[in-house]
Amino acid sequence: MMARTISHLRANIRFKGDSFLPPLQNPLSSSRFSPHATLLASLLHSISFSNNGDRPQSRYQKVTNLDHAFNLFDEMTQRRPLPSVVHFAQLLNAVAKMKHFSSCLDLFKQMCLIGAPVNEYCISIAIKCCCQMSRTNDGFALLASCFRRAVVPNVFIFNTLLDGLVVENRIAEAERLFKKLIKQKICEPNAVTYSTMIKGLCKFGNNDIAIGLLRLMDERGCKPNTVVYNTIIDSLCKAKMIEDAFKLFNEMVFAKSIQPDVITYTSLIHGLCNLCRWDEVSKLLKEMVEDVRISPDIQTFNILVDAFCKEGRVDEAEAVIDIIVERGEVPNIVTYNSLIDGCCLRGEMTKARSLFDSLTSKGLVPNVVTYNSLLNGYCKSLKIEEAMHLFHEITRKGLKPNVRTYNVMISGLCREGMPEEAKHLFRKMGESGCPPDGITRKGLKPDIVSYSAMLQGLFRVGRCGAARKLFDEMRSQGLIPNECTYRIILAGLCNNHQVEDVLYLFHLVGDSKLNTDIQVYNILIDGMSKCGKLDIARDLFQDLTLKGLKPNVRTYTVMVSGLCREGMLEEAKHLFHRMDESGCPPNSVTYNVLLQGYLKNQNSDDVEMLLEEMDGRRYSVDASTLSMLIEKIAAGSVDRSMLKLIGKLVPKEMMDTTAVPR
DNA sequence: CTAGGGTTAG
């Protein structure tokens, strides 16, 4: 009766609590906070609080710091008779919950040493610690000790080990263990076993097999639950297979009557955000809020904040943060990291910096993600000094730079033509050892992105030999070059006039996926014509259509540029006119390229016509075109009467820095 | 009393 009253009350409160959320058609015209709503909110809070007061915790469960835990453990081991295994287990669990996995293992080993009682619960905690530290093999060694102690391992232990294998990406072994449990009837998998195995399959993109396993568990009499469905739905969303995700969602809700929860909705909303399907995001958000059992939480809102930031709508993201606060939730570091990253991506470093500086006053501590966004922003804004300064601050603050941190710095230094400094960091990242807390973490290893950035830097300063050596080193590390590496190498070789090597590599790769990319052709066409091999560039341009590739604006532009370079103005003009017909209209860059071609070849009438067209399309001249125009006017090869028109084509920002003759 | 699902970065 009481339970029914509470749940009824809760439902009502949740329902009225909807007024906290703005109308969903426009999530940003936020409704103000009514006093009534405040009252309901505090009531809701008190209800969820009183429900929570289960059982008092024992002194072993209450341990909150490591010293305390060790002292208590020492005291326990002095007692005779020894305390019960339950108390030891509670202490172990408390230490594990604090994420002091290796300390927890030390305590477990000591227990074994002094002959304290050890049951399968203690062993499962110890195994959990091994797995959490990516030392699943040690977990299996502990499993062996189960057999020696005549302790029968239970399904908890196997689930933990299975998860350890999945965490370490040892998917084949996970599958083997899973099958062995069933075939040898070691223990019957439960829903957790299935969801863990399904998570592993999803992690490797085997969504179909994961769905197969979902069917299998049902057939074997293990009812799928929300977690199992959520795991697959999220994986489908991440693979942009949103229709399949919704198919499963409908099956779960309507055919199986399994309740979706906040995680189900959050996954789907995230998937829709990634596809920019905003109407459906609103619809789902509305559906979620109208279901009295479900309410969006901070993670749901963080996804919305991030989505707005990625759309470049930082103002709207900030409005979502206001809504979070109005609803009585607390924005966390993830919320602000998205916001800071959004500013950095738009080059708004002053705002990013002031957000960063305001974190402390909000009780938030920047983490390595925060720093990486700022580093990236500073590097892209060519403020390498500021980035370097911040990079050193990371370790000073007791944080550990990760591979991304290093990669951002490496590419930033390379972009500035400082490959030596980049290489220093590149070598340094491998040396990072164990942090002082004794938790063993793997040292950082340069990954494919680190190598690619480094290669780009070496090519930039013309050090092809060093690039070649680094490429071989990368291969010897077992790193497979990806499409990005491939493009960097092609462009690098082109820029250094290594024509034969480029063509050799291109033909070596043949018709593989790498060469069915228009970007590759753009690099090659541009590269070949810059190396004076216009005939090869032309062949490539002919070739790409045969391979089923569609030239884009860049393709046409580099081709026009190549033709202009060789003074083949008629052909350039012809190609230029073909662009509109091909549904690929020239952009500002194309116009500038052709204009420079005309200017170099003293084609005054065409210059005027092109300038008029640019004005009509609201395009502007770039800095190098402008200086060439000025030069030609000074030399008298372009008529001064065009100055007025030219003035219209100079963007405002350039007016301040460039002297335009009057 | 232990085990499984959703958010941020190049």
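Hydrogens, waters and symmetry mates are skipped; everything else that's a heavy atom, side chains included, is used. Order of the sequence lines sets the chain letters (A, B, ...), proteins ahead of strands, with each chain counted from 1. All values reported here derive from a predicted model rather than from experimental measurement.
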Can you tell me how far [atom2] of [N] sits from [atom1] of [X], to the nearest Å?
X	N	atom1	atom2	value
A/Leu162	B/dA3	CG	P	15 Å
A/Ile127	B/dA3	CD1	P	12 Å
A/Leu142	B/dA3	CG	P	16 Å
A/Met252	B/dG6	CE	C1'	12 Å
A/Tyr406	B/dA9	OH	P	21 Å

Counting any heavy atom closer than 4.0 Å, what does [X] reach on the DNA or RNA strands: base, sugar-phosphate only, or nothing?
X	value
A/Ile125	nothing
A/Thr231	sugar-phosphate
A/Thr300	base
A/Thr405	nothing
A/Ala191	base
A/Asp447	base
A/Val86	nothing
A/Val228	base
A/Val408	sugar-phosphate

| request: Under 4.0 Å from any atom of DNA chain B, heavy atoms only: list the residues of residues 263-273 of chain A that qualify, in numerical order. | output: A/Ile263, A/Thr266, A/Ser267, A/His270
| Which residues in residues 195-209 of chain A have at least one heavy atom lying under 4.0 Å from any atom of DNA chain B? | A/Ser195, A/Thr196, A/Lys199
| task | Going by the side-chain contact (heavy atoms from CB on, under 4.5 Å) test, name the single residue among A/Met474, A/Met454, A/Met429, A/Gln477 that passes it with A/Pro446. | result | A/Met429
| said: Base of B/dT2, side chain of A/Ser124 - is there a donor-acceptor contact under 3.5 Å? | reply: yes
| said: Is it the case that the base of B/dG6 and the side chain of A/Asp297 share a donor-acceptor contact (distance under 3.5 Å, atom types as modelled)? | reply: yes
| task | Would you mind telling me which of B/dG6, B/dG4, B/dA9 lies closest to the side-chain atoms of A/Asp163? | result | B/dG4
| field | Proximal nucleotide (of B/dG4, B/dA9, B/dG6) relative to the A/Val262 side chain | value |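 Between B/dG4, B/dA9, B/dG6, the one nearest the side chain of A/Val262 would be B/dG6.
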| task | Please confirm whether A/Tyr451 and A/Phe426 have ring centers closer than 6.0 angstrom. | result |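 Yes; A/Phe426 has its ring centre under 6.0 Å from that of A/Tyr451.
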| Which residues share a ring-ring contact (aromatic ring centres under 6.0 Å, His included) with A/Phe88, sequence neighbours left out | A/Phe73
| Which one of A/Tyr378, A/Tyr406, A/Tyr371 satisfies the ring-ring contact (aromatic ring centres under 6.0 Å, His included) criterion with A/Phe391? | A/Tyr406
| query | Any chance NZ of A/Lys383 has more than 12 other-residue heavy atoms, nucleotides or ligands included, within less than 6.0 Å? | reply |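 Counting neighbours around NZ of A/Lys383, 12 or fewer heavy atoms of other residues, nucleotides or ligands fall under 6.0 Å, so no.
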